[in-house]
There are 2 protein chains.
Amino acid sequence: MPNIPTAPVRLKDIAKDLNVSVMTVSKVVRNCADVGAETRSRVLARIKELNYQPNWVARSLAARRTFMIGVIVPDLMHSFFAEIAKGIGTSIRPLGYDVVICNSEEDSVLEASEIDRLLGRQVDGLILASAQSPSAADVFDRIEARGVPYVLIDRRFPERQASYVGADDEAIGKLATDHLIERGCRRIAHIAGPQPNPGSGRLKGYRAALAAAGIPVNESYILPATDDASGYEATRRLLSLEPRPDAIFGYNDPTAAGAMKAILEAGIRIPEEIKVIGAGNVHYSDLLRVPLSTVDQASTRIGQQAAEILVKAIGAKRKKPVTTLWIEPTLVARESTR
Amino acid sequence: MPNIPTAPVRLKDIAKDLNVSVMTVSKVVRNCADVGAETRSRVLARIKELNYQPNWVARSLAARRTFMIGVIVPDLMHSFFAEIAKGIGTSIRPLGYDVVICNSEEDSVLEASEIDRLLGRQVDGLILASAQSPSAADVFDRIEARGVPYVLIDRRFPERQASYVGADDEAIGKLATDHLIERGCRRIAHIAGPQPNPGSGRLKGYRAALAAAGIPVNESYILPATDDASGYEATRRLLSLEPRPDAIFGYNDPTAAGAMKAILEAGIRIPEEIKVIGAGNVHYSDLLRVPLSTVDQASTRIGQQAAEILVKAIGAKRKKPVTTLWIEPTLVARESTR
DNA sequence: CGCTCTGGCGCAACCGCTTACATCATCGAC
DNA sequence: GTCGATGATGTAAGCGGTTGCGCCAGAGCG
């Protein structure tokens, strides 16, 4: 039997049924104190009975708050961002917010227009993994002009006074490299990520770790990754070096996986002859031929923290506190560095 | 200089500036015909000048349309769903809709509450990869009672009269198995997915392909996967069978990747001694030690199609057309079945 | 010249809810 | 017995738009 659509129940309907004013019902719904116990329970009963659900559009308009936040990521397909999105969702939904997610496709023009849309929707706050070049960032001015709080994740703009949550790239680089050193490696190569983020921080950590261990940096051991697939190519070049590296630190897991592929293909054993480590702890890391050691950057927590900071900023009266948070990475040692 | 928040421009402001009525401005914004050319351009100019952005909350309330759609997926971390979400977004945004994504965490109670929230937000439509058991599905009744169109993806409920877009699991099973047969395999094992979706369809396709080729089905070659990591375990058991399978079809890529891991670990060569194929075409398939052949299920297109169908249903006057669409899979042959 | 017709514009009434404040018993206190 | 202080309820005025229709000028027509 095809249900025939029914107009949703409104406050007004309940009020009329019970011979009270709309206000009284509204107060009950919002749990206001000043309503009599008996009236309240009558209203509550009717609400349950009719399965009343507040109309959030109307509520938002009147209260000037939508309880929606906007999130912009460059690409949901990157498990890093998917994980962040998930973290944001699970931590902010219990607080009563809904999340509108937009893909910017790594395109700053598209991103700007998405931000404007979200602003038009009156979101209470924004979380951005921005593709903006800091210079062309008058979008940020528009956000600030509205007084809408926002927090940046992953991509940082130090020159802008905004909250930020991200992985501590330098710590990641250091952790990975320290681990390799501890495992006895001395000729440690690095396939570096895009500049400035997250490449430079990880590279810096890599250098720092080597320096701390008194190992001289061999510049020819440092190669740039052009994209996620380029770990393979880079590694083939590394393998032909003399002396050959005894470890490779890929700036992310796909790169490291590509490295492993090249190594195994060359008939070299992992971890006996070359150890490999990545970063990101993507979920397929241990599905690989040799389970990949990695540095977990706690993407879920990045999302959660960002959400938390944002909610706090939304609650703040006038001045928006700016918080900068580096999430500490943790080592996940698997077979590839045994 | 910290921007001091400014109240956003409203229709009223523009109207007052130009000494016209709010109505006129509203009409210009919405491109209504009955506005004089000169007035229109004056208004337009001022709109640009003040960078007016319509308040969608107010607009939604008055027009009784939000131009928002809700999407519920069991887990954004599964690249399959992330891809679908992306497909939905990129195809529906140009039509003026925004997307609210919710994770149900594969929990039907949570899902139901998310749906209610979205309904409360007055979404114009819903796309669901539902975790509901069809029996307990009074949520669907609530959706229908509201007259909100929805389309199901991935998980189907044949007993419910609703639009559906999904991969053609049987075709996937057939395609994969046919490919293995064509490559000369005769002892083809299958690691089957969860019942009923997507496991049973793929299994059915597998059986059909074997039957068509006149190859008898060896029931001991069919093992169930308990989770994504279980391809490894299952394969170890398969390898001890006599005669040993000469091919393995994993119901999805992670399973197939686990299978490859077990095979290589046993010192058996891929594809020379055993060929392997998966399904899903996850992005890391060719990062594996041996690039994995797979069946692409066009997740992006699933999302796009679902969006398209939904928008059509939203536009439909009274009766909501129900469309069922099976997306045809395509073969992606890589090294593992060479 | 009076008529209808049409293009251009505005009035009024909401959409469903909230904010701020007014009203009105009831009650203990002096 | 009168008074402020409660506590419980209702009133009015929006929030920023949209829908539907009414109004008025001028044009076209007989």
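Naming: A, B, ... by sequence-line order, numbering from 1 per chain. Below, all heavy atoms of this structure are taken into account, side chains as well, without hydrogens, waters or symmetry copies.
Scanning both residues, A:Leu128 and A:Tyr150, for their nearest heavy atoms gives CD1-CD1, 4.2 Å. The two residues B:Ser41 and B:Glu38 have their closest heavy-atom pair at OG-O, 2.9 Å. The two residues B:Val43 and B:Leu18 have their closest heavy-atom pair at CA-CD2, 3.6 Å. A pairwise comparison of heavy atoms in A:Leu61 and B:Ala58 identifies CD1-CB, 3.8 Å as the closest pair. The minimum heavy-atom distance linking A:Gly96 with A:Phe67 is given by the pair O-CB, 3.6 Å. Looking at every heavy atom in both residues, B:Ile84 comes nearest to B:Ser299 through CG1-O, 3.5 Å.
Contact check, B:Thr39 against C:dC9: a side-chain N or O comes under 4.0 Å of OP1 or OP2.
Following rounding to the nearest Å, B:Arg146 (CZ) and C:dG16 (C1') show an atom-to-atom distance of 12 Å. Going from atom CZ of B:Arg64 over to atom C1' of C:dG16 covers 10 Å, rounded to whole Å.
Residue-level contact check: B:Val20 touches the backbone only, with heavy atoms under 4.0 Å from sugar-phosphate atoms and none from bases.
Taking the side chain as every heavy atom from C-beta outward, A:Gln122 and A:Arg146 approach each other to under 4.5 Å.
Salt-bridge annotation for B:Arg46 and B:Glu49: present, with a side-chain N of the basic residue lying under 4.0 Å from a carboxylate O of the acidic one. Contact check on A:Asp141 versus A:Arg160 returns a salt bridge, with a Lys/Arg side-chain nitrogen under 4.0 Å from an Asp/Glu carboxylate oxygen. B:Asp13 and B:Arg10 are joined by a salt bridge, as a carboxylate oxygen and a charged side-chain nitrogen come within less than 4.0 angstrom of each other.
Interface residues of residues 113-126 of chain A facing DNA chain D, ordered by number: none; criterion, heavy-atom separation under 4.0 Å.
Surrounding CD of A:Gln161 are at most 12 heavy atoms belonging to other residues, nucleotides or ligands under 6.0 Å away.
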Counting primed atoms, P, OP1 and OP2 as sugar-phosphate and everything else as base, the B/S/- map of nucleotides 17-27 of chain C against protein heavy atoms under 4.0 Å is BSB--------
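Protein chain B contacts DNA chain D from D:dC15 to D:dT19, reading 5' to 3' and using non-hydrogen atoms of the protein with a distance under 4.0 Å.
Heavy-atom distances to DNA chain C give each of B:Ser21 and A:Pro8 a nearest nucleotide, and the one nearer the 5′ end belongs to B:Ser21.
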